[in-house]
Structure formats: structure tokens, C-alpha cells
Amino acid sequence: MNRLLKSRELWLAVGIVAVVGLVTLRFPRFSQPGNLLTIFNDTSILMMLALGQMAVILTRSIDLSMASNLALTGMIVAMINAAMPGVPIPLLIAGAVLAGAALGAFNGILVWKLDIPPIVVTLGTLTIFRGLVFVISGGAWVNAAQMSQEFIQLQRGSFLGLPILSWFAIVVAGLVYLLMTRTPQGRAFYAIGVNPTAAVYTGIDVGRTKFLAFVLAGAISGLCGYLWISRYVIASVEVAGGYELTIIAACVIGGVSIAGGIGTVAGALLGALFLGVVNNALPVIGVSPFWQMAISGTAILVAVVLNGRSEKSKGRIILKKAEAGA
Amino acid sequence: MTDTTATGRQLPDRLDNPVKSAVLSWESLLVLVALAIFIANSFASPYFLNEWSLSDMTFNFTEKALIALAMALVIITGEIDLSVASIIALASTMMGLALQYGADTPTLVAVGVGVGILCGAFNGALITGLKLPSIVVTIGTMSLFRGIAYIVLGDQSFRGYPASFSWFGQGYVFWVISFELVLFLLAAVIFYVVLHHTNFGRRVFAIGNNATAARFSGVRVDRIKFILFCLTGLMSGLAAVLLTARLGSTRPSIAQGFELEVVTMVVLGGVSILGGSGSILGVVLAALIMGLVTFGLGLLNIPGIVMSIFIGALLIVVIALPILFRMWRQRRA
Amino acid sequence: QTRIALVVKSLGNGFFDAAAKGAEEAAAEIGDIELIYTGPTAATAEAQIEVVNSLIAQQVDAIAISANDPDALVPVLQRAQQRGIKVISWDSGVAPEGRQIHLNPSENALIGETIIKLAADYLPEGGDVAILSAASTATNQNAWIEAAKAVQPEKFPNINIVATVYGDDDSVKSTEEARGLIAAYPDLKAIIAPTTVGVVAAAQVVTDQNLIGQINVTGLALPSEFKQFIDNGASQAVALWNPIDLGYSAVFLAKALVDGEEAAPGATFSIGKVGEVTLDDTNSAAMSAPFQFDASNIEEFSQIY
Amino acid sequence: MTDPILTLTGISKSFPGVRALHNVSLELYPGQVTALIGENGAGKSTLVKTMTGIYQADEGEIRVKGQAVSLPTAISATNAGITAIHQETVLFDELSVAENIYLGHAPRNRFGMIDWKTMRTEAQETLDSMAAGIDAGIPLKELGIAKKHLVAVARALSVDAQVVIMDEPTAALSQKEIEELYVLVELLKKEGKAILFISHKFDEIYRICDRFTVFRDGEMVGKGLIKDTPESEIVKLMVGRSVDHIFPAREAAIGETLLEVKGLSHPTEFENISFSVRKGEILGFYGLVGAGRSEVMQAVFGMTSVSGGTIVLDGKTIAPRSPADAVEAGIVYVPEERGKQGVITGETIFKNVSLPSLDKTSRGGFIRMAEEFALARTYTERLDLRASSLSQNVSTLSGGNQQKVVIAKWLATLPKVIILDEPTKGIDIGSKAAVHGFMAELVAQGLSVIMVSSELPEILGMSDRVVVMREGLMIETLENKNLQPETLVRLAAGIAEGKAA
Ligand SMILES: Nc1ncnc2c1ncn2[C@@H]1O[C@H](COP(=O)(O)OP(=O)(O)OP(=O)(O)O)[C@@H](O)[C@H]1O
Ligand SMILES: Nc1ncnc2c1ncn2[C@@H]1O[C@H](COP(=O)(O)OP(=O)(O)OP(=O)(O)O)[C@@H](O)[C@H]1O
Ligand SMILES: [Mg+2]
Ligand SMILES: [Mg+2]
């Protein structure tokens, strides 16, 4: 019980419920199941991306190139679809995942083999990937009229009352959860984040593990590239510009420690959902859109301060009576 | 002080020749890169070698470079400030607001710089006071500061700055030498002296190498970090003055995306993102290189986004080269 | 040879690509013109300033710009003029100090009236409508919205404009804003998006949320990009002028200035096949009325632009 | 004689610029404990790492039961039946105890997924078999240092290994836990495992080991049976000369009280600590590891804030809120964790030395390098620092020389009180004597020295008075006259009279 009360995830969930509750007080329509599902659906892409970013952050790295990766893979699949509408969409999705993973692998290789700090590598590929979007497209947009109906409609279909896009998020979250908690590879992400030197002693290849985290983040970015483009039905150079920091913000709000080793799937999902609720609730309750940015900034700061409090080491507690009281 | 007869063993000051290490330094690599780009530009475009062209080029980077000077110090201590562009937006907005109340030019500058320092102090207080990681704090304040600018300005924009104010962003001190360039060079000299020739700079490096040991050695780590965030705020405030004056107007969306360009400049300048090493000369050269690349390709009407591929690749290649070289030497040994 | 730079808000936008096509046409027609089609990839004033800086360095003869910000570009364009470069703005203008001529695609008042009329025509009983604009700083959109609001009380009394939001010509932001509008105003009957990016985003949202028939999306749209939403009923009708003609005219005007013609109130310029325009007292000229597209003609125009 | 389980022959290993091992050999026999002995940097841990697949030897052969094996990864060593308790704690604070034990070889279910339930029960069984009294389900970070070490031991035992390596396993354990470890070693011996035991403490080597192998400068210089070899001979092999470590005589005149600490308290770490130091005196602080001595010293040094108490230095009450304040007042602290807290690795010797004295060597805040070099030279040469130049990076110095840099740094500030926290921890016999000699010199100059140490001979040999601490409380202050080691151990461990070891 005590441990449950201390868990970040619980408090985040409480926070989300509180926001939803407050908004509902003024706008009863807000918490109708339909609207809540819509919010979930709207946040699906951010949730998946946050999971990918979490894997990277766990290993004491950071991936600033996810949004650019998304834009690039999105443009690739959009152009393929425009040029060859006959290519089946599942194949296209598989292609997007592979392309994204390849871009992630490029980051990962530089981190693994050359030992360049991840922030530097991905700062570089952030601009390179986005530049390539321009190069391959010649700057031209791919718009709705050029995309095939299947390409656009796939994620809009529904299954058991939920849009397919939401199902994508649920499946990805499930897979990442299994990976993180039930496989040696997932545990390795945590281990090298908590103590990289010790990880070496347990037979974990630190470089390779980081590489795999980048590949995972890349694969998710690729998948989201397709989902993003088919959702907003436009592929352009500017797709998801600046979104990399939103993804990191979602992780941070979700209690993923930027110092590595700490973070849960539930936390990352809730962090993304929190941003989704805030962004969705504000226009609904008639808050001027100009307030939106300051409010999400404040939310990030509050989350950081609260997480910082709980992360602060409580010392070693040598005194017997202090130990009893703790 | 120099009574060393006790042991008889004399430790030399240093073994390797300082000239030799200067030649093999990061900065000389950057000088080579800059020269190569300069020469390439001169061949690629007939318009490049023209005093006005070169002068115009400096406008592409001076504001960012000004912030990069302070950011270099922050990164050397192992921290980072991603809120700089938002500080510009907020400072610019507040200057606009002051203008609405009839402020004169000196007051405007004071408001811009003052708001910058306040924002930096806010970052610094959260980071050093509550011991929070700077990267997440400044991701938060990045939204907050610009958010406040949006709240104040909404869909409006402020304009009508007096000509004496516009001079900061558009005026020339002498011939083709703009005020922005002079200010930047002046600031670079000051930062160079502070970082490389004062106790303060020495402590900045010590913190970046090992903050715990530095604190155990009597360095006031938190105070120095706080000062550095204020300094970054101040430089952002100055950049806000210049940019606002150059644009002649204020919008909340001003300076979008500057933060990553500034960080790129600093890292390209050879400052270790992990903290502990770097030089002002490197940052100045990196600023120049980025200016040369964007302007040179601009003269060929290559879109900015393609230039960024070049910058990104340059960043990775320049960092990877020494590593590859070391690996190659080790393999041979 | 005369070198004319056509600077757009951002590269890749279909509207501007069409304008560039017209500009090429004009250049070929006049002859001995080198056309430089350029612009930033992100629609920001700072990026556009860098582009203009490099054009100044290249000593082009004229710059024809569709500006991302009416004020921020003034200083750099003034510098261009000091260096002997002729400057006109088109589509989205800059303040008079920064240019010699501004070419409006149409009368602002006329566009304003058109966009609200498009909504009103399909709302005989009246109702709530909302406006989804581009950037909050976009000169042209602001002028049109102002004009629309000005004529509404008199000409369309039963139309109620409930909100104006800004999608920044970014498809994601526009989509989110459109969703927000629909959520916040349950009785919304129409969304007016006087921007080619916003109108597509809004129509897609209406389609996605199965609100076809309940909410009518209208505004300014490029037929080739928007055809499907007329087809599926998300929109009854939209309007636009001819971007090809706009680019075409911009080049003619720029060339005329380079050739020494004076830009002064009342001056008349002839622009090839389009005819001629006359400058008003702010040295602005306006082209023809916007053209309306609906189910009857969208097919035909979507082949052209 | 039985055949060895593990045989190493002709092992060599070099790092850039360092030849850590050169053509060494080693045999480990079933049911026997072999001690590996050598000075700091002799290459002991390096050998352990090559035997566990963390490093790859440049040359040489490893045979397990006569079969040549290659150990490219840590996993392959586990599979070959070799397991180790490493010198560095190989543990993960944020993970659970069970996972710490099984990370890398966790039990899997039939889908190949980690089987948490089995893992938890098996971990608990291992811990219980060691009588560790640890719940396998809690996060590791909730354990104290000694318990953590037991988890490391459990981790080594969770592998069904033929060879168990222990690299300084007792360094962080208290006497009681050390005794339990000995029992465990006996158990392993009975099971026929071969054990390699690395330690700098001769008493325990003589207590539990059967054989020994001595390394010097990366070479194997001798081996034999413990029971046939006197300690002095092993030391001679180790150092290359005979060493009689005699604590220096102290001629310092003890003056009046310089530092007076009264009722110092901290909410969770210590309470009501009072002591005083006089001019020219060495005050020893004794206690078991984890008694809270470092915490008290860091509070006096301004590193940790206190909840109560006063500090009076030279008649003036001071309340240092940061080390900078303490240094200004004249109190300096040589920390226990040299690499993390002591030296700024990545910077040069002279920059390390001048850092706290910058205000003295500079003019108006501007650096004057010549003054810095002069200052650094004065103090490092007094300490006989072995380095190639003052611009050498401290990270390239040996542990003992790094310690000298830290001491030089503080001497340069001309302090009144110098606190040394475990000044000889992990330092070999030769350097130890130098540090002790130096402490005697300091007090002779009228400084006051506080020395925190867990080593009895050092405490008894060096201090004028001894403060004993236990579990964050001050137990006793004793004059060091005819002080019996048993008395100190009894007080430190809280054992009633007559039962002391
Ligand atoms: N990763 C490494 N890189 C470079 N040098 C190393 C590395 N690891 C060990 N060394 C060097 O190899 C030598 C042997 O070190 P090792 O750790 O094996 O000594 P040790 O006998 O275990 O000493 P101690 O008693 O202090 O634990 C030392 O000079 C050390 O500096
Ligand atoms: N729970 C713990 N987790 C991690 N490290 C610990 C823990 N407890 C103690 N240590 C480390 O073990 C070492 C010894 O502990 P500590 O410094 O508290 O002992 P002490 O009584 O203060 O005195 P001494 O330093 O002389 O042993 C230190 O390096 C400390 O950082
Ligand atoms: Mg060792
Ligand atoms: Mg201690």
C-alpha cells in the first residue's frame, strides 16, 4: 500500500482524472466516453513515440531525431503510395517500420561504434533526416488527393468500437511492456541505465544495448511516420517540426528519469496522455489557445519538481530511530 | 615559495610543447574547415567576395552566436539551456509592451536585458535550488516563457520601434561593420578572457569535469551554475534586443527553433556535451562556419533545409574524425 | 538579362507551386528573364529574411515576395531597395515602407465577403460559424477576416461568428484547432478556413468525425487538393483566385519596375494576358474577384491547379 | 595432489601505456582457497576480469578441468563455471534484490519470457541459505552497504560454478558479516569448489586460505602453501624488499583546543556528536564501516547541513554552509572516495592543486599560471609526488599519488584543521608508511589532524586520542595510552565486556 502511494504513475493518473473532472464540471460533454476515446485516439501517436523515447532515455541516451525520422519515413511511404497506389498498405507499414529502424540504427551505430554522445549524434541526424525529406520530395507536398483511400482510411476503421489507430497504440504498448519487463533485452535497458559499469560485469554489451534502444525508437518513429501522414493526410517537410521535445516532455512528465534507468511503460503512457488531455481540454473549456503553451510548460515544470522530490535520495539513515520512522 | 631543495627532484611544468598542441587542436581543424568553405564559396558564387555580401552574412549568425558564447559555459559545466529561444520571445514581447507605454530606447534595452536575466535566474533557481536536471527544466520553461509571450501578445504584434532602437539591429558602426558584429566580437573577447584567464573560468571547467570533487574542493558549484544561467539569460536578452531591432517588430513566434542551432554551434565548436572541455575560440569559429555554409549555399539558392543536412553532417563528421583517427592509430599500434 | 526572384512563404505549398508556374510562363513570354523561385521551408519571417539577404548579395534586379510577416521583413526589404533592387509584394503583403507595389489577388473586402457568403449560402436558417485561419500574423488572412466581420452584421445577420483560431498553415496545428472548434461549439454549422492548408485539415476532420452534412467546410482552397472533399460532401463550395495568374502578374509588375516604370498612386500597369491593374493610394493593386468552385466545376479546375 | 580445476598459463594483458599482466600463471584446486596477493595495481583485478570474460587476454591460455576455453563474454565465463564477486559493486540500485541476483541468467518460462516468480523464490532460497536476512522482493537501494555486498555474494552463488572468485570481499563488511562470509567459504570448500581470494589483510588470508600466489607489477613472483610460509616472506615477495611498518614517533607538542564540536546532530545520520581537537594532535575516529563517521566529518566540512549543534574554531563559532565556507575558516577534508570526491580527474595536477587557492595565486581574479606552477611544485614535491610533469592528467596517476595530490591541494590553503577520511584505504604497504610519516609531520607543524580509519593498527599507531562511533552515535572518547585493540572493537561493535573477539 505504502509503495503504491509512492508510485509516480498513481499520482499522474490522479492528476489526469482531476483535470478531466474539473473540465467535466463545466462541460459535462467532455467526459462522455466518446470524447475520452477521442482523446485517447488523438494521443495514440504521442504515446507510442514516448515509449520509444523511454527505451532510449533508460539507457542514459536521448533521441532528438525521432520527429525527423517520423517525417522522413512518412514522406517515403506517402511518396510510394502516391506513385504506386497498388502497393498493399500492410506492406507499406512494414516498410515504414523497417525504414524507421534503419534510421534509428544509423544513430545507434554512431553511438555504439564511435562512442559519440547520443545528444550530439541525434542533434546531427535531426537536421539530416529532415533535410532528406526535402531532398527526396523536392520540397513538394504529398496531399490527400494523391494518397490512396486505403492509405488514408486504414487507421480510421474501427474494431470493437475503437479506432484502429488506438489499437496500434495498444498493441505497441503491450509489446513494449512485454519487452521491458519480461525479456533480458528489456531488463538490459534498465541495467545499463542504472549502472553501466556493473552491466558490463553481468555480460551486457552496453554499446549494443544502446544501439538496440535506438533501433526500437527508430522503428516506432517509422510506424508513427505512416500513422501521422495518413492521419493528417499531408506529407511535407515540416511534419512534426519541433515535436522531438514534446516527446521528451511526455516521458519526463511520466516519471522517466533523464539520468537513465528509471521509467515505466505506464508512466510514459500516462505522461503522453496527460499532455493530450491538457491540449484537448483547454480549447474545450474555452481557454484561449494562446494560454495553451504556458499551461503545458507549467505542467512540465510541476511534474519535474514533483518527480525530483521523490527521486531525492533520503540518505543512508544510519540512526536506528530514524530508520524506524522512515 | 620556490624552495624545492628538499627532494631535489624537479617536476617540469609541462612535457609537450604548447605550440605543437595548439597546432593539433580542435580549433585548427575548425580553421581549416572554415578556410575550405570560404574558398569553395568564392569559387561557387561570383557574389560571395564582396564586402557587403560578407557583412550581410554576419547577420545570419551573430544573434545565435552571442547566445552560444554563454551556452558554451553552461555546457562546459555539464548543463544545458534549451529555453534560450523562448527567452528571446518573452524579452522581445516585454520590450514591445514597454514600447506601448512609451518607453524610450535605453529603457527598451534595459527591459530586454532585464527580462532575459530574470528568465535565466528562474531557470538557475529551479536547477540549482531544487537540484533538477537542466535539460528537463529548460524544456519546461521553453514552453512557459514563450507561452507567456503568447498570452501577452495573442495574435497581435508590436511595431513602431524608434529609429534609435532599430540601429541596434540594422546600424553600422563603421563602413560595413555592423553594430551586431561589433557587439559579438566584443562579447567573444570578454567571454574568452573570462573562461580562459580567470578564476571563474577555471572553476567552470572544474565543475564540468567533476562537480562533486569541485564542491569538495571548495568551489561554490551552485552559485556558479546560477550565475551561468543568468548569463545565458542576459545574452538571450541581448539577442532579443538585436533581433527585435533587426525585425523592427515583435511576435511571440520570434526566434523559433534557435535553441538547437545554438547548441549545434557550441558542440561544433568543440565543447564537450558531457562537460569539462571546450574553448571560446572554437565556438566563434563554429559560428563563422555555420554562417559561411548557410550563406554560401544561400547564394546558390539552395534551400535552407538542404544546408541543414550539411550542418548536421558536419557536426557528426567533425566529432567522429578525431575518434576514427584515434581508433585507426590504436589498431596500427 | 533581368533576374527576378519570386520569394514564397514556404516551399512545397501547392498554391505557391502553381504561382511559380505562372511566373515561369510570364518569364518565358517576356523573354530574357532569369526567374529565381525560392523561399524558406518553414514559414517564418527569420528564415525568409535569410533568403532575402542572399538575394541581395546576388544583386538580383527585383524581388517579388509573399511575406510571412508584414513588419519583420520591412527592414531587410528596405535594405534591398537601397541597394537598387525593386521590391514588390504579392499575395501576402508587407507594410508600404518595405515595398514599391503590393499585388492583392483580389480586393480584400471582396474576399472577406466571399468567404462569409460561401458559408451563408448553405445556411439558409443561419447559425454558428467559426474561422480557422493561418498564422496570427498573416497579413492577408487578417485583412480578409476583418472584412468578413465588417460585412456580416448587415448582409448576413443570421450568421454568428463564434471564434477565430489559428492553424499557422501547419496541418497538425490546423487539425487540432479544427477538432477543438468542433468540441467547443456543439452547434457549429460551418468552418471557414481562408487558407489552403487549413481548409484541407478542417475538411478531413469533418470527414473523420462523420459530420458530413452537419458541418460545412468552406474557405479558400486549391481545387486539385480539395476536390475529394467537394466530392464527399464535407464541403459544398470553396473559392480561390487563380494562383497561376497571380505569379504571372507578379513577374510582369516586377519587370515593369526594373524597366523604369514609376510606382505611384493611380499608375496603371499592363500585365500580359491578364490585362492591366491600377495602383490605389497605398500602391496596392487588386486582381479579379475570387472564383467559386463547387460540384459542378471542381473536376475541370482540379486538372489545372 | 589433486589436479587443478582451473589453470591459467602465460596470460598477458596490456592497456594503452600500461602492461597490467605479463606472462602470469595461476592454478586453482578443488576444495581449496588460493590467496592472490599483491600491491595496488599489481594486476589482481585485471586477472579476475580476464577470467570472467570482461577483458580478453592478449596472450595465454585458460583451461577448465584440462579443457582449453575461450571466454569472450561474461556469459561464457558463467557457462564455463566461473563466477566472481568483483571488487567494484556490480549491482543495480533501482532493481529488485532478486533481479540483481539473476540479471543475465534469469529463469525463463516456456515462451522465453523472464519467469519472475521462479526467480524470486530461487533468489530468496539463496539468500536464506546464507542467512542474509534479506527480502528478495525489495528494491536494492533500500539496503545498507554490507547487505548489498551480501547480495553480490548471493549473485555469485546463484550460478552453479566450480570456481568462485572473491576480489576483496571483506572490504565493506563489518566484523560480524565477515565471520559469516568465512562460514560460507568453508561451505564452498566442502562442496569441492575452487576459490580465489583476493585481500590486502594478512590476518584473514592466514585464517582461511590454503595456498597463495603473489603478483608484483603484473608478474607472478611466487606461490606456495600458506601454512609453510611466514607473513614476512610474502610481504617481501610482494614489495620486492622487506618492510617493517613502524608507525612514526610523534614529537609534536600538543597545544590548546583548536576545534570544538558540540552536540552536532542530523535528522537521520547522527546525533549529539561532541569532540574537540587540540593543536598538534591527531584525533582518531574509529568505528565499523558505515558507523557514520564520514557523515559527521562532511557536516563539519559544510557538505551536509546539520539540524543542531555548534562548531567553534579558534574561539570563533562557525557554521559552514558549504565546503567553501569551511575552507575559508581553515578546515579541510581529504575525502574517502578519492576518484569521485578527491581529485578532479580529467584535469592536470597543477590545476587540481591550485583550485582551492586560486584567490591567492591570481591577481584581481585573473589567472597567473607561473604562480600556480610554483605553488603546485612546492607542495607536490614536499609530498614526493611521482609524476612526469605538473601538467600530467591526474587520472593517469596511481591511487597513492592521487591521494598526495589531494593532500597537496589542501596544504596549499594553509589550513588549521585537516580531516583525513580513510587516508590509506586501498593503499599498499609502501605508500601507507609515507602517508603516516606525513601525518606526523603535519602535527609537528602545529596543525590539528582528524583521522577517520577502520583499521585498528592505524588508529592505535597514529592517534593521540580516539573517538569511537557506532550507528550514528558517539560512544566514547579514549586516551590512546595502553589502549587495547579489544576495547575498541568491543565498543565499536557494541559487544558486552568479555565477549570481544
Ligand atoms: N581499463 C583499464 N585501462 C587502463 N589501465 C588499466 C585498466 N584497468 C586496470 N588498469 C591498470 O592495470 C594495472 C593493474 O590494475 P588492477 O586493477 O588489476 O590492480 P589490482 O592488483 O587489482 O589493485 P588493487 O589492489 O588496488 O585492487 C594498474 O596499473 C591499473 O592502472
Ligand atoms: N547504503 C549504502 N549504499 C551505497 N554505499 C554505501 C552505503 N553505505 C555506505 N556506503 C559506502 O560505503 C563506504 C563506507 O561507509 P561510511 O562512509 O558511511 O562509513 P563511515 O562509518 O562513515 O566511515 P568509513 O568511511 O571510515 O567507513 C562509503 O564509501 C559509503 O559511500
Ligand atoms: Mg583490484
Ligand atoms: Mg566513510
Applying a strict 4.5 Å limit to non-hydrogen atoms, the region of Phe48(B) in contact with chain C is neither

Quick one: does Asp56(B)'s side chain get under 4.5 Å of Arg83(C)'s, heavy atoms only? yes

Correct closest heavy-atom pair for Gly248(B) and Pro75(C) would be N-CG, 4.2 Å

- Query: Do Arg159(B) and Glu97(C) meet the salt-bridge criterion of a basic N to acidic O distance under 4.0 Å?
  - Reply: no

Most heavy-atom pairs under 4.5 Å with chain C, out of Pro252(B), Ser249(B), Ser253(B), belong to Ser249(B)

The reported gap from CD in Gln58(C) to OG in Ser45(B) (rounded to nearest 0.5 angstrom) is 6.0 Å

Evaluate side-chain contact (heavy atoms from CB on, under 4.5 Å) for Phe59(B) paired with Arg79(C), printing each intermediate quantity in order.
CA-CA 13 Å; Phe59(B) 285 104; Arg79(C) 185 159 54 188; 3.4 Å; yes

Bottom line for Leu243(B): the part with an atom under 4.5 Å from chain C's heavy atoms is side chain

- Item | Note, Ile49(C) side chain near Asn60(B) side chain (heavy atom, < 4.5 Å) | no

Per-residue tally against chain B (heavy atom, under 4.5 Å) across Leu55(C), Thr44(C), Asn142(C), Asn53(C) peaks at Asn53(C)

Residue from Leu54(B), Asn301(B), Thr244(B) scoring the most non-hydrogen pairs under 4.5 Å with chain C is Asn301(B)

Ranked by heavy-atom pairs below 4.5 Å to chain C, first place among Thr250(B), Ile254(B), Asn50(B) goes to Ile254(B)

Discussion item. Can you tell whether the side chains of Glu46(C) and Arg251(B) come within less than 4.0 Å, N to carboxylate O?
Written reply: yes

Correct closest heavy-atom pair for Gly298(B) and Ser54(C) would be O-OG, 3.3 Å

Review point. Going through the checks in order, is the side-chain contact (heavy atoms from CB on, under 4.5 Å) test met by Leu247(B) and Asp71(C)?
Key: CA-CA 7 Å; Leu247(B) 300 180; Asp71(C) 307 306; over 6 Å; no

Tightest non-hydrogen contact, residues Ala57(C) and Tyr47(B), listed as O-CB, 3.2 Å

